[in-house]
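Have a look at the structure below, then the notes.
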Amino acid sequence: MEGEHQRDQILAHFQEASGIDRIEECNRILEQNNWNLEVALNSYLHNSVRDRPRQERENSPRRNIHYNSRSLVTRAFGMIQWFRSYQPQTTIGWIFYVTTLPIRMVVDNFSSIMSFVVSFFAGPYRPAITNVDEDMSSYKREFEEEFGAIHPNFFEGGYNQALAAAKRELVFLMVYIHSPDNQESKRFCQRTLTNPNVVNYINENFIFWSCSVKKYAGYSAFRSLAGSRHPFTGIAVLKNNKMSLASRIEEYLEPQPFVNRVKRVVENNEAFLIVARDERNERALNQTIRREQDEAFEESLRADREKEEKRQREREAKERLEKEIAEREMKEKEMQEEFGDERNERALNQTIRREQDEAFEESLRADREKEEKRQREREAKERLEKEIAEREMKEKEMQEELKERRKKAGELVPDEPDPSHSECVKVAVRLPDGRSLVRRFLRSHSLKYVYYFVFADEESPKEFELVASYPRRVLPCKPDEFEGDPPSIGDVGLGKSETLFVHDLEA
């Protein structure tokens, strides 16, 4: 089992790095290289280069330059990157920032020239294979250090996992591949990707996956999506039971034009998701009908077996009775032949009468047992019907009580504040059935009012928890008469706009 799991991981890494969609082709290449990921990738990339036209390879000026030449300037690039991304925090820092502005402009140009020279001589950048989870956690940390904590909710996992999640939940997948060396990418992150309206729109309508092209996970996803320029944004949707790229945005766009462009893509491709949802619901309905039919068929088979067993018992009982009668008649005949006088005849009659009495008593005993069995069955049926009636009554009372509790909870929720209020917080709550509830609260409002607002919805679970995504934590929102009111929205550190998830405790 562990070997199969390890092979699945190797297959996923190879598919991401090579960009090959067909799993059979990936398995063939890996088996040829004894499931050695590094050897298989080198073999595939070598064959890809060898298959290019010979004239193109011979005319390439960087044909024989070893890739490790990039490591000669790694430390210099690290120092340049720190200098370019320096953010002042103190008065001395601002003085340093202003006085070094001309130097920083020179460094920016020098860095761009050096990146071009290194890429020209060292070949295209190809990061080393690393752990996907480490790539994602380090990218998120670097992104927040440079652009702040306001951004779409990053999907926690690899690109293939994000595709699988979007396919499973039947939602759009948005992929942003960041290039730290591209100024347009930085401007896109600073002005568009961190814009609150863009963030809210993406969180409400997409699973968002992002990574740096400098990371192995981002580089392999960029290759798989056939990206060519930065900033790169791709939108994938389920088509014909396969996640397909619906659109690429490979240019810088301001927030509103970006949202408008994405909305057009969603409108043009939403029909595929509607069809997929209908097909999934139809499959679920067919499975339910098939299961009920199978259960009815099994019940019919069981009833037929019981009837056949009953008929078999009756036939065996009839055969035994006929055999006993034949033996008795044979015995009577023998006794009549043996005893010829009257005394023997009386003894014979007494014997016959005694046997008849015994048979009658046996018949009475059997009838009493059958009657007692029927009585027990009637009593069991009456108890079952009584329990069902009591259960239905109890469920009806519980439904009425739940309905009343939801109504009271809705009445306890305070009035929705004006959007322009300085303490206003917009909370979007995603239910287990995929719907979202959106409402505004004040930072001073207790979390219990968010709980009441969700509980008042008729389709919300009876028992649930509210979970924040980043960092993932359970919010103490349910009121408790012994521990007092839950903390306020501001006390738990929720921002201006937050997306919470409902965890059904009864699921």
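In this text the structure is predicted, and so the values were computed from the model without any measurement.
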**Q.** Charged tip of K215 within 45° of Y139 ring normal and under 6.0 Å
**A.** no

Q: Answer yes or no for R248 and F232: cation-pi contact, defined as NZ/CZ to six-membered ring centre under 6.0 Å and angle to ring axis within 45°.
A: no

(Q) Quick check against the 3.5 Å criterion: does S185 have a side-chain atom that pairs as donor or acceptor with the backbone of H230? (A) no

Q) Can you tell if the side chain of R405 reaches within under 4.5 Å of the side chain of F455, non-hydrogen atoms only? A) yes

(Q) In the structure I gave you, are the side-chain heavy atoms of K403 and Q399 within less than 4.5 Å of one another anywhere? (A) no

Q: Examine distances only and state if a side-chain atom of S488 and a backbone atom of S446 form a donor-acceptor pair shorter than 3.5 Å.
A: no

Q. Salt bridge (charged side-chain N to carboxylate O under 4.0 Å, His left out) with R378: which residues, sequence neighbours excluded?
A. E371

Q.
Check whether F143 forms a cation-pi arrangement with R141 (NZ or CZ under 6.0 Å from the six-membered ring centre, at most 45° off the ring normal).
A. no

Q | Stepwise salt bridge (Lys or Arg N to Asp or Glu O under 4.0 Å) test for R264 and E267 | A | CA-CA 5 Å; R264 287 196 299 271; E267 291 172 357; over 6 Å; no

Q) How would you list, by chain and number, every residue that makes a side chain to side chain donor-acceptor pair (under 3.5 Å) with R187, sequence neighbours excluded? A) E184

**Q.** Close aromatic pair by centroid cut-off 6.0 Å: Y451 and F464
**A.** yes

Q) Would D418 and S420 count as having a side-chain donor-acceptor pair, cut-off 3.5 Å? A) yes

Q | Quiz item: cation-pi between K263 and Y201, 6.0 Å / 45° | A | yes

Q: List in chain and number order the residues that pass salt bridge (charged side-chain N to carboxylate O under 4.0 Å, His left out) with E423, two or more places apart in sequence or in another chain; answer none if no residue qualifies.
A: R443

Q: Could you tell me whether the side chain of S300 and the main chain of A296 form a donor-acceptor pair under 3.5 Å?
A: no

